[in-house]
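Values reported hereafter were calculated over all heavy atoms of this structure, with side chains retained and with hydrogens, waters and symmetry mates removed.
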Amino acid sequence: MDALEAIMTTRAIRRFTEEPVAEDDVWTCLRAAQQGPSGGNVQPTRYLVITDAGVRAEVGRLYRSAFTRYSEMAPERTDETGLRINRSANHLADTLASVPVIVFFLMPRLPSLVAGIDIGPVHASVYPAVQNFCVAARALGLGTTLTTVIRVHHAEALELLGVPDKWEIAAMVPLGHPAEKFSVAVRRDVSKLTSFNHWS
């Protein structure tokens, strides 16, 4: 698989088998994540990998509660795509504890990468690592999805995982063998979102 195919077919996978993920594959994805670019090469991301069934169960409990609260407040979508995504997302919320690996991407609580000057938010230097992780997983035939809903119960999640207060969750990514097919996801037409040389 070439790089472009991996990128184009890295879509949200929310249905997984219970087949274990090889530790070597987890490390391959983490090494790919760490190769992601960051402002000033600061490399602010920390990774917390959850494989213990008991901890996954507690994370799953928090995530189910967080997703329920999110669903109550999010705008209702009645179109076919929206309904499909909602079913898929609900399935993940119900079954997260059974996903073999859950990875938390953590970032320091800082307004900017350099004190006293705005050179962009810290998360701008974290999400490239998330994307690299997901693309590497796709190249290995593993599924992922980026989710931030756990932040509804952010303090509880940090306490559960023993994360110091100076860190926060940028993203949570389940990792496992997919129970659904990879494909090119439907996205908005990039030609309608792009300008050259001047905003239009």
Side-chain angles (χ1 to χ4, degrees), residues 1-38 43-64 66-67 70 81 84-107 123-151 157 160-161 163 169-187:
M1 179 185 303
D2 65 22
L4 190 57
E5 181 184 358
I7 291 168
M8 294 299 291
T9 59
T10 297
R11 53 165 287 242
I13 298 291
R14 302 185 184 94
R15 299 176 188 274
F16 300 89
T17 73
E18 295 187 15
E19 179 182 352
V21 174
E23 185 175 337
D24 283 350
D25 288 344
V26 176
W27 281 112
T28 295
C29 294
L30 290 168
R31 284 191 291 269
Q34 189 61 16
Q35 291 301 120
S38 61
Q43 304 177 52
T45 311
R46 290 286 299 270
Y47 313 94
L48 180 53
V49 181
I50 309 301
T51 57
D52 179 84
V55 181
R56 285 190 284 120
E58 287 300 304
V59 171
R61 178 186 61 79
L62 278 180
Y63 188 80
R64 174 69 268 182
F67 187 82
Y70 163 75
T81 298
R84 176 179 53 78
I85 292 173
N86 189 56
R87 288 192 299 270
S88 176
N90 261 295
H91 177 82
L92 178 63
D94 288 338
T95 62
L96 179 66
S98 66
V99 181
V101 181
I102 302 169
V103 180
F104 286 88
F105 291 76
L106 305 170
M107 64 183 185
H123 57 255
S125 290
V126 174
Y127 285 119
V130 178
Q131 181 66 4
N132 272 17
F133 183 94
C134 295
V135 172
R138 169 65 187 99
L140 296 172
L142 298 170
T144 58
T145 188
L146 185 162
T147 176
T148 58
V149 172
I150 194 73
R151 286 182 61 100
L160 169 68
L161 300 171
V163 177
I169 297 168
M172 187 191 83
V173 177
L175 172 71
H177 293 271
E180 51 187 330
K181 293 181 179 180
F182 294 108
S183 62
V184 178
V186 177
R187 294 287 191 255

In chain order, what residues pass the salt bridge (Lys or Arg N to Asp or Glu O under 4.0 Å) check against [X], with sequence neighbours excluded?
| X | answer |
| --- | --- |
| E19 | none |
| E180 | R11 |
| R61 | E58 |
| R56 | none |

Are more than 12 heavy atoms from other residues, nucleotides or ligands located less than 6.0 Å from atom CG of D24? no
Holding to side chain to side chain donor-acceptor pair (under 3.5 Å), I want the full list of residues that pass it with [X], two or more places apart in sequence or in another chain.
| X | value |
| --- | --- |
| S98 | none |
| T145 | none |
| H91 | R15 |
| Q35 | none |

Looking only at heavy atoms, what is the nearest atom pair of [X] and [Y], with distance?
| X | Y | answer |
| --- | --- | --- |
| L96 | G60 | CD2-CA, 4.1 Å |
| R151 | I169 | NH1-O, 2.6 Å |
| G143 | P178 | N-CD, 3.9 Å |
| T148 | L146 | CG2-CD2, 4.0 Å |
| G176 | V21 | CA-CG2, 3.7 Å |
| I150 | V59 | CD1-O, 4.3 Å |

Among residues at least two apart in sequence or on other chains, which ones pass ring pair (Phe, Tyr, Trp, His ring centres under 6.0 Å) with Y47? F105
Once side-chain contact (heavy atoms from CB on, under 4.5 Å) is applied, do any residues pair with T51, and if so which ones, sequence neighbours excluded? V49, V101
Mind checking the [atom1]-[atom2] spacing from [X] to [Y]? Nearest 0.5 Å is all I need.
| X | Y | atom1 | atom2 | result |
| --- | --- | --- | --- | --- |
| L160 | I50 | CG | CD1 | 7.5 Å |
| L62 | L161 | CG | CG | 8.5 Å |
| Y63 | I102 | OH | CD1 | 10.0 Å |
| T95 | F16 | OG1 | CZ | 8.0 Å |

Residue pairs involving residues 85-96 (criterion salt bridge (charged side-chain N to carboxylate O under 4.0 Å, His left out); sequence neighbours excluded): R64-D94
Atom pairs and distances, donor-acceptor, side-chain atoms in residues 124-141, under 3.5 Å, two or more places apart:
residue: S125; atom: OG; partner: G39; partner atom: N; Å: 2.8
residue: Y127; atom: OH; partner: A170; partner atom: O; Å: 2.7
residue: N132; atom: ND2; partner: A32; partner atom: O; Å: 2.9
residue: R138; atom: NE; partner: T9; partner atom: OG1; Å: 2.9

V163 vs L106, test: side chain to side chain contact (heavy atoms under 4.5 Å, CB included). Steps then yes/no. CA-CA 9 Å; V163 177; L106 305 170; 4.1 Å; yes
